[in-house]
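Remarks on the structure that follows.
What you are looking at is a predicted structure, and each value in this text was computed from that prediction instead of being measured. Residue numbers start from 1 in every chain, and the chains themselves are labelled A, B, ... in the order their sequence lines are given, proteins ahead of strands.
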Amino acid sequence: METDLNSQDRKDLDKFIKFFALKTVQVIVQARLGEKICTRSSSSPTGSDWFNLAIKDIPEVTHEAKKALSGQLPAVGRSMCVEISLKTSEGDSMELEIWCLEMNEKCDKEIKVSYTVYNRLSLLLKSLLAITRVTPAYRLSRKQGHEYVILYRIYFGEVQLNGLGEGFQTVRVGTVGTPVGTITLSCAYRINLAFMSTRQFERTPPIMGIIIDHFVDRPYPSSSPMHPCNYRTGEDAGVTYPSVEDSQEVCTTSFSTSPPSQLSSSRLSYQPAVLGLGSADLAYPVVFTAGLNTTHTHQLMVPGKEGGVPLAPNQPAHGTQADQERLVTHAPSDGTHCAATPSSSEDTETVSNSSEGRASPHDVLETIFVRKVGAFVNKPINQVTLTSLDIPFAMFAPKNLELEDADPMVNPPESPETTSPLHGSLHSDGSSGGSSGNTHDDFVMIDFKPAFSKDDILPMDLGTFYREFQNPPQLSSLSIDIGAQSMAEDLDSLPEKLAVHEKNVREFDAFVETLQ
Amino acid sequence: MNCRSEVLEVSVEGRQVEEAMLAVLHTVLLHRSTGKFHYKKEGTYSIGTVGIQDVDCDFIDFTYVRVSSDELDRALRKVVGEFKDALRNSGGDGLGQMSLEFYQKKKSRWPFSDECIPWEVWTVKVHVVALATEQERQICREKVGEKLCEKIINIVEVMSRHEYLPKMPTQSEVDNVFDTGLRDVQPYLYKISFQITDALGTSVTTTMRRLIKDTLAL
């Protein structure tokens, strides 16, 4: 028995699938921004929250998604994919995940579009929210900053899983049957986080134009699809996205309580051009401070439809949105670290991806500091001395680049208890950043999170502090020869000191009396 | 109808019990909550919007998503806190379980009280381990985080089966299906209970706490 979809149902279904695809992309990208997401519930329907979920619309992401879809919908053989990758400050990049929204041919003709399909799509979005926090890339993205950034890319068509390395795993988020096919949402993620140190990716202009800063004039063509998962916009850029006509469409959900079989009048009504929607806020201020060896604060504030819920403030520095690839000198984190990813094997070496990383002179020239001066202002300043910056713990942050040699963060002293031979070889290896050492070729992302520390409060959190000061240099007085010397001197001077004190005995006694 | 039953098991350290339980309960309730219903004339209704927020765990390398409802969060924290205290005070092997049960109310004639018919029960079995060194604790943080990731995937897999859900009720019936007592979200009617068990699985101290939000109590 064939019940053909009537035209209204068909239109509704196409609309649901389209907005579901857009919301899926928003959820995935927002989950890789590196911050905690928080949106407010609203008991009265605002009419603009698709699937009854408060998911903000970042305009650039919507724009990219629509560009990728180009008016089409996911269909058999044409999947919408969101690729999440990691890019280090050295320019190495690695695909971490591919999220696929696919359609297969298995149809469910009996299902009610405006009721059941809609609710199931809502449930699927909730599942997506939960699953995006569970894959290994989530923890990586929460720690992105001056060592690496997370990028996303949306494409439409055939799914390409080649970049995920061997043995990647898949997790299925869920499926929803519709009269025209079954929608499936899944994620394939890399489990082998070993970084290839053979310099496959030279520091040349990337072929596809990996954009670090989407909003500033850049030498690469604007057709580059890779985008950072954090945003900056400035008033000078004046970038506004064309508000596509249906981005302002409102979804007012109105359901009938009569049983589905008797459903006659339940329809979703669409009101065009309602103002004040979040998706129409095109130039929201996103201000952050990024610095190369610094731990500036970063605030991402997005005025949402619900009246401006600020996202988690004060993150560790995020990637600089420079107009070209800039090199970040970073401190190798040493000390005891444990593998962060759920599926990394026990015997992979836990070494920081950021190597000993001293900037080569060439890279120093490319470095750009961006100082936070206030909302809506974005002035790149070439070099900023840290004393002029009002960040907490500024004295702990590494000083100018010229002082790198003396900086214990960059060149930690040889400590007797290196945790691994690999680690020792790193420091002795004076080669430029990116290579993981002579003995091993692979890097593994590491993680270290001490209990009770929250890394979203201070620029220097407990973990960073612990890392930095875990191997302090030996006290000079404790080193044997110097110690012995000073000890001998002390002993020699003792008789003289005693004589002086005996002379002043009365004064001391009087002082002691005043204390009692 | 048959009640769907799902069982999850976790092994955690004492201070991780609360966060692990909250992560699981909130994930289930995220999927089993809708926006507030607003009934209009002509028998139609509209649905409010559910906000979501991330919660970082302090003792586990894990982040979970919950609905943005402080009332719901408080209710869950209260009962999870009681469970944790009961576990601690039991002095037993550190075994216990919590049950999150979704039910429907069926009106009965006087003098019989309403029936509560469960349609889905989630049971989380907890085994508390004691660790000696900081090193072990650090490893436990990550291991439990990984385990919770697996549990979330299990939960989502069950949800995606789209099995029985109560029919959307009319205005007069809504309190038989949903908990309408919260201000900002509307979960299906649920109750949470817990038990402390010994190694054999029998209940040593049965502590039943019923958390029923019932606006139409007889």
Throw together a table of side-chain donor-acceptor distances under 3.5 angstrom for residues 148-158 of chain B, partners on residues two or more places apart or in other chains.
| from | atom 1 | to | atom 2 | distance (Å) |
| --- | --- | --- | --- | --- |
| Lys151(B) | NZ | Glu9(B) | O | 3.2 |
| Glu157(B) | OE1 | Arg161(B) | NH2 | 3.3 |

Query raised in the report: Between His31(B) and Ser127(A), which heavy-atom pair has the shortest distance, and what is it?
Result: NE2-OG, 2.9 Å
**Report entry** Thr39(A) side chain vs Ile52(B) backbone, donor-acceptor pair below 3.5 Å
**Finding:** yes
Query raised in the report: Within the distance-only criterion (no hydrogens, no angle test), does the side chain of Ser160(B) pair as donor or acceptor with the backbone N or O of Thr175(A) below 3.5 angstrom?
Result: no
Query raised in the report: Given that the side chain runs from C-beta out, which part of Leu124(A) has a heavy atom under 4.5 Å from chain B: side chain, backbone, both or neither?
Result: neither
Report task. Go through the atoms of His162(B) and report whether side chain, backbone, both or neither lie under 4.5 Å from a heavy atom of chain A. Result -> both
Requested in this report: Work out which heavy atom in Ser43(A) is nearest to a heavy atom in Lys36(B); give both atom names and the distance.
Outcome: CB-CG, 3.7 Å
Report task. Check each atom of Phe62(B) against the heavy atoms of chain A and say whether the ones under 4.5 Å are side chain, backbone, both or neither. Result -> both
Query - Toward chain A, the part of Thr27(B) with a non-hydrogen atom under 4.5 Å - result: side chain
**Report entry** Interface moiety of Val185(B) toward chain A, non-hydrogen atoms closer than 4.5 Å
**Finding:** side chain
Report task. Check whether any side-chain N or O of Ser41(A) sits under 3.5 Å from a backbone N or O of Gly51(B) as a donor-acceptor pair, and report yes or no. Result -> yes
Query raised in the report: With a 4.5 Å limit on heavy-atom distance, are the side chains of Tyr118(A) and Ile47(B) in contact?
Result: no
Query raised in the report: Taking atom CZ of Arg139(A) and atom OG1 of Thr63(B), what is their separation to the nearest 0.5 Å?
Result: 4.5 Å
Report summary line: Among Val65(B), Asp184(B), Val50(B), Thr34(B), the residue with the most heavy-atom pairs under 4.5 Å to chain A is Val50(B)
Query raised in the report: To the nearest 0.5 Å, what is the distance between CD (Gln53(B)) and CD1 (Ile37(A))?
Result: 11.0 Å
Query raised in the report: Rounded to the nearest 0.5 Å, how far does CG of Leu123(A) lie from CZ of Arg32(B)?
Result: 6.5 Å
Query - Contact class of Arg183(B) relative to chain A, heavy atoms under 4.5 angstrom - result: backbone
